[in-house]
Amino acid sequence: MTAPTKPTSHAQADAQETVSDDLHAPVIDWFEDNARDLPWRRADAGPWGVMVSEFMLQQTPVSRVLPVYEQWLARWPRPADLAEDAPGEAVRAWGRLGYPRRALRLHGAAVAITERHGGDVPTEHAQLLALPGIGEYTAAAVASFAYGQRHAVLDTNVRRVFARAVTGVQYPPNATTAAERKLARALLPDDERTASLWAAASMELGALVCTAKNESCVRCPIAAQCAWRLGGKPAHEGPPRRGQTYAGTDRQVRGRLLAVLREAVAPVPQSVLDRVWDEPVQRARALDGLVADGLVEPLAGGLYRLPLS
DNA sequence: GAGCCGTGGTT
DNA sequence: TAACCAAGGCT
(Lines give C-alpha, C1' and ligand atoms only; values in the text may rest on other atoms or scores of the structure.)
Protein backbone atom coordinates (compact mmCIF):
# COMPACT_ATOMS: atom_id res chain seq x y z
CA MET A 1 0.00 0.00 0.00
CA THR A 2 1.60 3.19 1.11
CA ALA A 3 4.74 1.13 1.80
CA PRO A 4 7.48 3.72 1.97
CA THR A 5 10.98 2.71 0.99
CA LYS A 6 11.98 2.90 4.60
CA PRO A 7 9.54 0.66 6.47
CA THR A 8 8.32 1.74 9.83
CA SER A 9 7.25 -0.55 12.61
CA HIS A 10 3.92 -2.28 12.32
CA ALA A 11 2.57 -0.19 15.13
CA GLN A 12 3.53 3.02 13.37
CA ALA A 13 2.16 1.79 10.08
CA ASP A 14 -1.13 0.86 11.71
CA ALA A 15 -1.34 4.22 13.40
CA GLN A 16 -0.78 5.93 10.09
CA GLU A 17 -3.47 3.89 8.41
CA THR A 18 -5.89 4.82 11.15
CA VAL A 19 -5.10 8.48 10.63
CA SER A 20 -5.70 8.11 6.91
CA ASP A 21 -9.01 6.32 7.34
CA ASP A 22 -10.26 9.02 9.68
CA LEU A 23 -9.28 11.83 7.33
CA HIS A 24 -10.12 10.72 3.81
CA ALA A 25 -13.86 10.15 4.01
CA PRO A 26 -14.76 13.30 5.95
CA VAL A 27 -12.63 15.57 3.78
CA ILE A 28 -13.82 14.05 0.51
CA ASP A 29 -17.45 14.16 1.64
CA TRP A 30 -16.99 17.79 2.62
CA PHE A 31 -15.46 18.48 -0.79
CA GLU A 32 -18.41 16.94 -2.62
CA ASP A 33 -20.69 19.42 -0.87
CA ASN A 34 -18.48 22.51 -0.77
CA ALA A 35 -16.18 22.50 -3.79
CA ARG A 36 -16.17 25.75 -5.71
CA ASP A 37 -17.44 25.62 -9.27
CA LEU A 38 -14.20 26.69 -10.92
CA PRO A 39 -13.92 26.60 -14.73
CA TRP A 40 -10.82 24.41 -14.74
CA ARG A 41 -12.70 21.82 -12.72
CA ARG A 42 -15.49 21.41 -15.24
CA ALA A 43 -15.51 18.36 -17.43
CA ASP A 44 -14.92 20.40 -20.58
CA ALA A 45 -11.79 22.09 -19.27
CA GLY A 46 -9.51 19.29 -20.40
CA PRO A 47 -5.84 18.78 -19.59
CA TRP A 48 -4.81 22.02 -21.29
CA GLY A 49 -7.29 24.01 -19.24
CA VAL A 50 -6.06 22.37 -16.06
CA MET A 51 -2.47 23.08 -17.00
CA VAL A 52 -3.13 26.73 -17.84
CA SER A 53 -4.95 27.20 -14.54
CA GLU A 54 -2.08 25.66 -12.60
CA PHE A 55 0.43 28.03 -14.17
CA MET A 56 -1.75 31.02 -13.41
CA LEU A 57 -2.49 29.90 -9.86
CA GLN A 58 1.17 29.70 -8.92
CA GLN A 59 1.25 32.42 -6.25
CA THR A 60 -1.80 34.22 -7.60
CA PRO A 61 -5.30 34.16 -6.02
CA VAL A 62 -8.21 32.48 -7.78
CA SER A 63 -10.24 35.68 -8.05
CA ARG A 64 -7.59 37.36 -10.16
CA VAL A 65 -6.94 34.30 -12.30
CA LEU A 66 -10.57 33.75 -13.36
CA PRO A 67 -10.98 36.47 -16.01
CA VAL A 68 -7.53 35.97 -17.53
CA TYR A 69 -8.05 32.22 -17.66
CA GLU A 70 -11.27 32.61 -19.63
CA GLN A 71 -9.68 34.97 -22.14
CA TRP A 72 -6.61 32.77 -22.47
CA LEU A 73 -8.55 29.59 -23.26
CA ALA A 74 -10.81 31.42 -25.68
CA ARG A 75 -7.81 32.76 -27.57
CA TRP A 76 -5.61 29.68 -27.35
CA PRO A 77 -7.90 26.65 -26.94
CA ARG A 78 -5.09 24.18 -27.66
CA PRO A 79 -1.35 24.16 -26.87
CA ALA A 80 -0.55 24.41 -30.58
CA ASP A 81 -2.54 27.63 -30.83
CA LEU A 82 -0.40 29.28 -28.19
CA ALA A 83 2.78 27.79 -29.64
CA GLU A 84 2.07 29.46 -32.98
CA ASP A 85 1.81 32.88 -31.42
CA ALA A 86 4.70 35.06 -30.25
CA PRO A 87 5.88 34.64 -26.65
CA GLY A 88 5.39 38.37 -26.20
CA GLU A 89 1.69 37.88 -26.86
CA ALA A 90 1.56 35.46 -23.97
CA VAL A 91 3.28 38.01 -21.76
CA ARG A 92 0.81 40.67 -22.89
CA ALA A 93 -2.23 38.48 -22.29
CA TRP A 94 -0.87 37.58 -18.88
CA GLY A 95 -1.74 41.10 -17.84
CA ARG A 96 -1.18 41.89 -14.21
CA LEU A 97 -1.22 38.38 -12.80
CA GLY A 98 2.36 38.87 -11.67
CA TYR A 99 5.52 36.83 -12.17
CA PRO A 100 5.35 37.26 -15.96
CA ARG A 101 8.06 34.67 -16.48
CA ARG A 102 5.26 32.20 -15.91
CA ALA A 103 3.67 33.41 -19.15
CA LEU A 104 6.93 32.85 -20.99
CA ARG A 105 7.27 29.39 -19.50
CA LEU A 106 3.69 28.49 -20.35
CA HIS A 107 4.38 29.51 -23.92
CA GLY A 108 7.56 27.44 -23.87
CA ALA A 109 5.64 24.48 -22.49
CA ALA A 110 3.09 24.82 -25.29
CA VAL A 111 5.90 24.76 -27.87
CA ALA A 112 7.42 21.68 -26.27
CA ILE A 113 4.05 19.93 -26.13
CA THR A 114 3.50 20.68 -29.79
CA GLU A 115 6.94 19.48 -30.80
CA ARG A 116 7.40 16.52 -28.49
CA HIS A 117 3.92 15.30 -27.62
CA GLY A 118 1.88 15.80 -30.76
CA GLY A 119 0.05 18.76 -29.28
CA ASP A 120 -1.43 16.86 -26.32
CA VAL A 121 -0.56 17.62 -22.71
CA PRO A 122 1.53 14.59 -21.68
CA THR A 123 0.09 12.16 -19.18
CA GLU A 124 3.24 11.04 -17.41
CA HIS A 125 4.52 12.87 -14.35
CA ALA A 126 8.10 12.76 -15.64
CA GLN A 127 7.10 14.21 -19.01
CA LEU A 128 5.19 17.00 -17.32
CA LEU A 129 8.09 17.71 -15.01
CA ALA A 130 10.36 18.14 -18.02
CA LEU A 131 8.29 21.03 -19.36
CA PRO A 132 9.37 24.60 -18.56
CA GLY A 133 7.56 26.13 -15.62
CA ILE A 134 6.39 22.78 -14.26
CA GLY A 135 7.91 21.66 -10.99
CA GLU A 136 7.05 18.95 -8.53
CA TYR A 137 3.77 20.48 -7.48
CA THR A 138 2.40 21.36 -10.91
CA ALA A 139 3.38 18.01 -12.44
CA ALA A 140 1.50 16.19 -9.68
CA ALA A 141 -1.45 18.57 -9.91
CA VAL A 142 -1.92 18.15 -13.67
CA ALA A 143 -1.46 14.38 -13.50
CA SER A 144 -3.96 14.16 -10.65
CA PHE A 145 -6.58 16.73 -11.65
CA ALA A 146 -6.48 16.25 -15.41
CA TYR A 147 -5.79 12.53 -15.61
CA GLY A 148 -7.04 11.23 -12.28
CA GLN A 149 -3.71 9.73 -11.33
CA ARG A 150 -2.44 8.97 -7.84
CA HIS A 151 0.11 11.57 -6.79
CA ALA A 152 0.92 13.46 -3.62
CA VAL A 153 -0.07 17.03 -4.50
CA LEU A 154 1.75 19.22 -2.00
CA ASP A 155 0.86 22.87 -2.29
CA THR A 156 0.79 25.50 0.41
CA ASN A 157 -2.82 24.64 1.32
CA VAL A 158 -2.23 20.92 1.70
CA ARG A 159 0.98 21.53 3.61
CA ARG A 160 -0.89 23.74 6.07
CA VAL A 161 -3.71 21.21 6.51
CA PHE A 162 -1.20 18.45 7.20
CA ALA A 163 0.83 20.63 9.53
CA ARG A 164 -2.24 21.31 11.63
CA ALA A 165 -4.34 18.18 11.40
CA VAL A 166 -1.50 15.65 11.62
CA THR A 167 1.64 17.30 12.92
CA GLY A 168 -0.10 19.64 15.32
CA VAL A 169 1.62 22.90 14.41
CA GLN A 170 0.12 26.08 13.05
CA TYR A 171 2.28 26.45 9.95
CA PRO A 172 4.43 24.18 7.79
CA PRO A 173 8.14 24.95 7.31
CA ASN A 174 9.09 27.69 4.88
CA ALA A 175 10.36 25.22 2.32
CA THR A 176 8.87 21.80 1.65
CA THR A 177 10.78 19.15 3.57
CA ALA A 178 11.44 15.47 2.98
CA ALA A 179 9.33 14.73 6.04
CA GLU A 180 6.36 16.50 4.48
CA ARG A 181 6.72 14.56 1.24
CA LYS A 182 6.91 11.33 3.18
CA LEU A 183 3.82 12.19 5.16
CA ALA A 184 1.92 13.18 2.03
CA ARG A 185 2.80 9.86 0.40
CA ALA A 186 1.81 7.95 3.50
CA LEU A 187 -1.56 9.68 3.63
CA LEU A 188 -2.29 9.11 -0.06
CA PRO A 189 -5.25 6.73 -0.56
CA ASP A 190 -4.40 3.50 -2.36
CA ASP A 191 -7.18 3.76 -4.89
CA GLU A 192 -6.38 6.04 -7.81
CA ARG A 193 -9.73 7.77 -7.99
CA THR A 194 -9.87 8.28 -4.24
CA ALA A 195 -6.33 9.62 -4.28
CA SER A 196 -7.12 12.26 -6.91
CA LEU A 197 -10.26 13.26 -5.02
CA TRP A 198 -8.25 13.47 -1.81
CA ALA A 199 -5.70 15.73 -3.48
CA ALA A 200 -8.33 18.18 -4.65
CA ALA A 201 -10.33 17.95 -1.44
CA SER A 202 -7.45 18.51 0.97
CA MET A 203 -6.32 21.47 -1.11
CA GLU A 204 -9.80 22.99 -1.13
CA LEU A 205 -10.07 22.52 2.61
CA GLY A 206 -6.91 24.54 3.08
CA ALA A 207 -8.11 27.22 0.69
CA LEU A 208 -11.59 27.66 2.18
CA VAL A 209 -11.53 26.53 5.82
CA CYS A 210 -8.06 25.79 7.14
CA THR A 211 -6.75 29.14 5.98
CA ALA A 212 -3.50 30.76 7.04
CA LYS A 213 -5.35 33.36 9.08
CA ASN A 214 -8.81 33.22 10.64
CA GLU A 215 -9.20 29.50 10.16
CA SER A 216 -12.79 28.31 10.53
CA CYS A 217 -12.64 25.19 12.65
CA VAL A 218 -16.41 25.18 13.14
CA ARG A 219 -16.77 24.37 9.46
CA CYS A 220 -13.95 21.85 9.38
CA PRO A 221 -14.91 18.21 8.75
CA ILE A 222 -11.87 16.91 10.66
CA ALA A 223 -11.82 19.37 13.55
CA ALA A 224 -12.47 16.56 15.99
CA GLN A 225 -9.22 14.86 14.99
CA CYS A 226 -7.09 17.92 14.32
CA ALA A 227 -3.86 17.64 16.32
CA TRP A 228 -3.29 21.39 16.34
CA ARG A 229 -6.77 22.17 17.59
CA LEU A 230 -6.71 19.39 20.17
CA GLY A 231 -3.41 20.75 21.39
CA GLY A 232 -4.95 24.15 22.07
CA LYS A 233 -3.81 25.71 18.79
CA PRO A 234 -0.32 26.68 19.95
CA ALA A 235 1.15 29.72 18.23
CA HIS A 236 3.78 29.35 15.53
CA GLU A 237 7.29 28.86 16.88
CA GLY A 238 10.55 29.70 15.24
CA PRO A 239 11.56 32.45 12.85
CA PRO A 240 8.73 34.56 11.43
CA ARG A 241 7.97 34.04 7.76
CA ARG A 242 10.17 36.09 5.53
CA GLY A 243 8.35 39.24 4.65
CA GLN A 244 9.57 40.33 1.27
CA THR A 245 9.43 44.05 1.01
CA TYR A 246 8.49 45.16 -2.46
CA ALA A 247 8.73 48.92 -2.60
CA GLY A 248 12.04 50.02 -4.03
CA THR A 249 13.14 46.59 -5.24
CA ASP A 250 14.21 45.57 -8.72
CA ARG A 251 11.00 43.65 -8.92
CA GLN A 252 8.99 46.81 -8.67
CA VAL A 253 11.08 48.46 -11.37
CA ARG A 254 10.75 45.44 -13.62
CA GLY A 255 7.02 45.50 -13.08
CA ARG A 256 6.78 49.11 -14.14
CA LEU A 257 8.91 48.62 -17.21
CA LEU A 258 6.92 45.61 -18.34
CA ALA A 259 3.64 47.38 -17.70
CA VAL A 260 4.64 50.04 -20.23
CA LEU A 261 5.67 47.45 -22.79
CA ARG A 262 2.47 45.43 -22.34
CA GLU A 263 0.35 48.43 -23.16
CA ALA A 264 2.44 49.55 -26.11
CA VAL A 265 1.38 48.62 -29.63
CA ALA A 266 4.74 49.61 -31.13
CA PRO A 267 8.37 49.43 -29.99
CA VAL A 268 9.05 51.76 -27.09
CA PRO A 269 12.00 54.19 -27.01
CA GLN A 270 14.43 54.03 -24.13
CA SER A 271 13.47 57.57 -23.17
CA VAL A 272 9.91 56.48 -22.44
CA LEU A 273 11.05 53.59 -20.29
CA ASP A 274 13.36 55.93 -18.40
CA ARG A 275 10.36 57.74 -16.98
CA VAL A 276 9.17 54.81 -14.89
CA TRP A 277 12.07 55.04 -12.41
CA ASP A 278 14.41 57.87 -11.59
CA GLU A 279 17.38 55.94 -10.28
CA PRO A 280 19.40 55.16 -13.45
CA VAL A 281 21.59 52.34 -12.18
CA GLN A 282 18.72 50.32 -10.81
CA ARG A 283 16.61 51.13 -13.84
CA ALA A 284 19.28 49.84 -16.20
CA ARG A 285 19.81 46.74 -14.12
CA ALA A 286 16.10 45.98 -14.17
CA LEU A 287 15.85 46.41 -17.93
CA ASP A 288 18.93 44.29 -18.52
CA GLY A 289 17.43 41.63 -16.33
CA LEU A 290 14.21 41.61 -18.31
CA VAL A 291 16.17 41.24 -21.54
CA ALA A 292 18.29 38.47 -20.06
CA ASP A 293 15.13 36.68 -18.96
CA GLY A 294 13.68 36.90 -22.46
CA LEU A 295 10.79 39.05 -21.35
CA VAL A 296 11.94 42.06 -23.35
CA GLU A 297 13.51 42.24 -26.79
CA PRO A 298 15.96 45.05 -27.53
CA LEU A 299 15.91 46.48 -31.03
CA ALA A 300 18.29 48.75 -32.89
CA GLY A 301 18.03 52.44 -32.11
CA GLY A 302 17.29 52.07 -28.41
CA LEU A 303 13.85 50.57 -28.95
CA TYR A 304 12.28 47.80 -26.85
CA ARG A 305 9.28 45.51 -27.21
CA LEU A 306 7.84 42.28 -25.91
CA PRO A 307 9.60 39.30 -27.52
CA LEU A 308 8.52 38.25 -31.01
CA SER A 309 10.40 35.02 -30.74
C1' DG B 1 19.07 26.07 0.36
C1' DA B 2 18.49 30.87 0.31
C1' DG B 3 17.19 34.47 -2.70
C1' DC B 4 14.87 36.15 -6.45
C1' DC B 5 10.84 36.72 -9.32
C1' DG B 6 4.86 40.69 -9.54
C1' DT B 7 0.67 42.16 -8.04
C1' DG B 8 -3.17 43.51 -5.35
C1' DG B 9 -6.35 42.45 -1.56
C1' DT B 10 -6.65 41.93 3.48
C1' DT B 11 -5.46 42.77 8.29
C1' DT C 1 0.13 51.20 7.63
C1' DA C 2 3.40 47.83 7.09
C1' DA C 3 3.18 43.16 6.87
C1' DC C 4 1.16 39.19 5.38
C1' DC C 5 -0.71 36.28 1.99
C1' DA C 6 -2.04 33.94 -2.59
C1' DA C 7 -2.86 26.15 -6.28
C1' DG C 8 5.62 27.71 -7.10
C1' DG C 9 9.71 27.40 -10.04
C1' DC C 10 14.41 28.15 -10.91
C1' DT C 11 19.28 29.18 -10.03
Side-chain angles (χ1 to χ4, degrees), chain A residues 31 35-36 38-41 45 49-69 91 94-106 108-109 128-146 151-161 170-178 180 184 196 199-208 210-215 236 239-262 276 282 285-286 288-290 292-296:
Chain A
F31 182 65
R36 290 168 291 180
L38 300 171
W40 45 86
R41 283 181 179 159
V50 171
M51 182 174 146
V52 169
S53 78
E54 290 302 334
F55 269 77
M56 292 182 173
L57 288 165
Q58 292 169 0
Q59 303 287 282
T60 301
V62 166
S63 60
R64 285 172 45 210
V65 164
L66 284 170
V68 183
Y69 172 86
V91 174
W94 197 256
R96 306 188 69 81
L97 287 184
Y99 292 140
R101 290 194 287 196
R102 292 181 294 163
L104 221 47
R105 291 170 181 156
L106 180 50
L128 290 163
L129 196 56
L131 297 173
I134 294 192
E136 185 180 336
Y137 160 76
T138 304
V142 173
S144 181
F145 301 156
H151 294 281
V153 182
L154 255 194
D155 79 317
T156 187
N157 291 306
V158 175
R159 294 179 60 219
R160 188 173 52 250
V161 170
Q170 186 176 21
Y171 296 121
N174 276 333
T176 306
T177 63
E180 287 182 275
S196 62
S202 54
M203 188 176 307
E204 189 79 336
L205 184 64
L208 298 183
C210 193
T211 47
K213 291 182 175 178
N214 301 323
E215 70 280 357
H236 177 70
R241 0 272 287 143
R242 77 243 170 217
Q244 1 106 262
T245 57
Y246 179 66
T249 61
D250 286 9
R251 295 160 80 171
Q252 183 179 25
V253 186
R254 288 166 57 108
R256 289 193 182 184
L257 290 169
L258 214 50
V260 171
L261 292 166
R262 274 199 310 265
V276 309
Q282 187 178 27
R285 184 173 66 236
D288 286 349
L290 288 171
D293 289 345
L295 283 163
V296 172

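Protein chains get the first letters and strands the later ones, always in sequence-line order, with residue 1 at the start of each.
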Using the side-chain contact (heavy atoms from CB on, under 4.5 Å) rule, take A/Thr138 and A/Leu128 through it: C-alpha gap first, then chi angles, then the decisive distance, then the call.
CA-CA 8 Å; A/Thr138 304; A/Leu128 290 163; over 6 Å; no
Could you walk me through whether A/Arg101 and A/Trp94 pass the side-chain contact (heavy atoms from CB on, under 4.5 Å) test, one step at a time?
CA-CA 10 Å; A/Arg101 290 194 287 196; A/Trp94 197 256; over 6 Å; no
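Residue contacts for A/Ser53: at a heavy-atom cut-off of 4.0 Å it reaches no nucleic acid atom on any strand shown. Within 4.0 Å (heavy atoms only), A/Arg262 reaches sugar-phosphate atoms of the nucleic acid but no base atom. A/Arg159 comes within contact range of no nucleotide atom at all, as no heavy-atom separation falls under 4.0 Å. Within the nucleic acid shown, A/Ala141 has no heavy atom closer than 4.0 Å to any nucleic acid atom. Using a 4.0 Å heavy-atom criterion, one finds that A/Leu258 contacts no nucleic acid atom at all. When heavy atoms are screened at a 4.0 angstrom cut-off, A/Glu136 is found touching the sugar-phosphate backbone but no base atom. No contact: A/Trp94 has no heavy atom under 4.0 Å from any strand. Counting non-hydrogen atoms under 4.0 angstrom, A/Gly135 reaches the backbone sugars and phosphates but no base. Using a 4.0 Å heavy-atom criterion, one finds that A/Thr211 contacts no nucleic acid atom at all.
The side chain of A/Ala212 approaches C/dC5 more closely than any other nucleotide in the set C/dG9, C/dC5, B/dC5. Distance from the side chain of A/Arg102 is smallest to B/dG6 among B/dC5, B/dG6, C/dG9. Listed nucleotides B/dC5, C/dA7, B/dG6 differ in distance to A/Ala207; the shortest reach to its side chain belongs to C/dA7. Side chain of A/Arg251, nearest nucleotide from C/dA7, B/dG6, B/dT7: B/dG6. Side-chain proximity of A/Asn214 to B/dT11, B/dG6, C/dG8: nearest is B/dT11. Closest contact between the side chain of A/Thr245 and the listed nucleotides B/dG6, C/dG9, C/dA3 involves C/dA3.
DNA chain B is contacted by A/Gln59, A/Thr60, A/Arg64 of residues 56-66 of chain A, taking any non-hydrogen atom closer than 4.0 Å.
A/Tyr69 is not listed as a side-chain neighbour of A/Leu38, based on a closest heavy-atom distance of 4.5 Å or more. Counting heavy atoms from C-beta on, the side chains of A/Val153 and A/Val158 never come closer than 4.5 Å. For the pair A/Tyr171 and A/Arg159, the minimum side-chain heavy-atom distance is 4.5 Å or more. You'll find the side chain of A/Asn157 stays beyond 4.5 Å of the side chain of A/Leu205, heavy atoms only.
The distance from atom CG of A/Leu97 to atom C1' of C/dA7 is 13 Å, rounded to the nearest whole Å. Regarding A/Glu54, its CD atom lies at a distance of 13 Å from the C1' atom of C/dA6, rounded to whole Å. Atom CG of A/Leu106 is separated from atom C1' of B/dC5 by 17 Å (rounded to the nearest Å). Here C/dC10 presents its C1' atom at 13 Å from CG of A/Leu104, a figure rounded to the nearest Å. Remark: P of C/dC10 and OH of A/Tyr137 are 14 Å apart, rounded to the nearest angstrom. Going from atom CG of A/Asn157 over to atom P of C/dA7 covers 4 Å, rounded to whole Å. To the nearest angstrom, P of C/dG9 lies 12 Å from CG of A/Leu131. Distance CZ (A/Arg101) to C1' (B/dG3): 11 Å, rounded to an integer number of Å.
Of the C1' atoms belonging to B/dG1 and C/dG8, the separation is 15 Å, rounded to the nearest Å. Of the P atoms belonging to B/dG6 and C/dT1, the separation is 26 Å, rounded to the nearest Å. Nucleotides B/dC5 and C/dA6 place their C1' atoms 15 Å apart, quoted to the nearest Å. Remark: the separation of the P atoms in C/dA7 and B/dT11 is 15 Å, to the nearest Å.
Residues A/Arg160 and A/Gly206 come closest through the heavy atom pair NH2-O, 2.8 Å. For A/Leu97 against A/Arg102, the heavy-atom pair with the smallest separation is O-NH2, 3.2 Å.
Each of A/Arg96 and A/Asp293 lies near DNA chain B, and the nucleotide nearest A/Asp293 is the one positioned closer to the 5' end. Along DNA chain C, the nucleotide nearest A/Arg105 and the nucleotide nearest A/Glu204 are compared for position; the residue whose nucleotide lies closer to the 5' end is A/Glu204. Between A/Leu38 and A/Leu129, the one whose closest nucleotide on DNA chain C sits nearer the 5' end is A/Leu38. Positionally, the nearest nucleotide of DNA chain B for A/Thr176 lies more toward the 5' end than for the other of A/Thr176 and A/Pro100.
For C/dA7, the OP1/OP2 oxygens have no side-chain nitrogen or oxygen of A/Arg36 closer than 4.0 Å. Side-chain nitrogen and oxygen atoms of A/Tyr246 include at least one within less than 4.0 Å of the OP1 or OP2 phosphate oxygen of B/dT7.
Within a 6.0 Å sphere centred on CD of A/Glu136, heavy atoms belonging to other residues, nucleotides or ligands number 12 at most.
Side-chain contact annotation: A/Tyr137 with A/Glu54, donor-acceptor N/O pair under 3.5 Å present.
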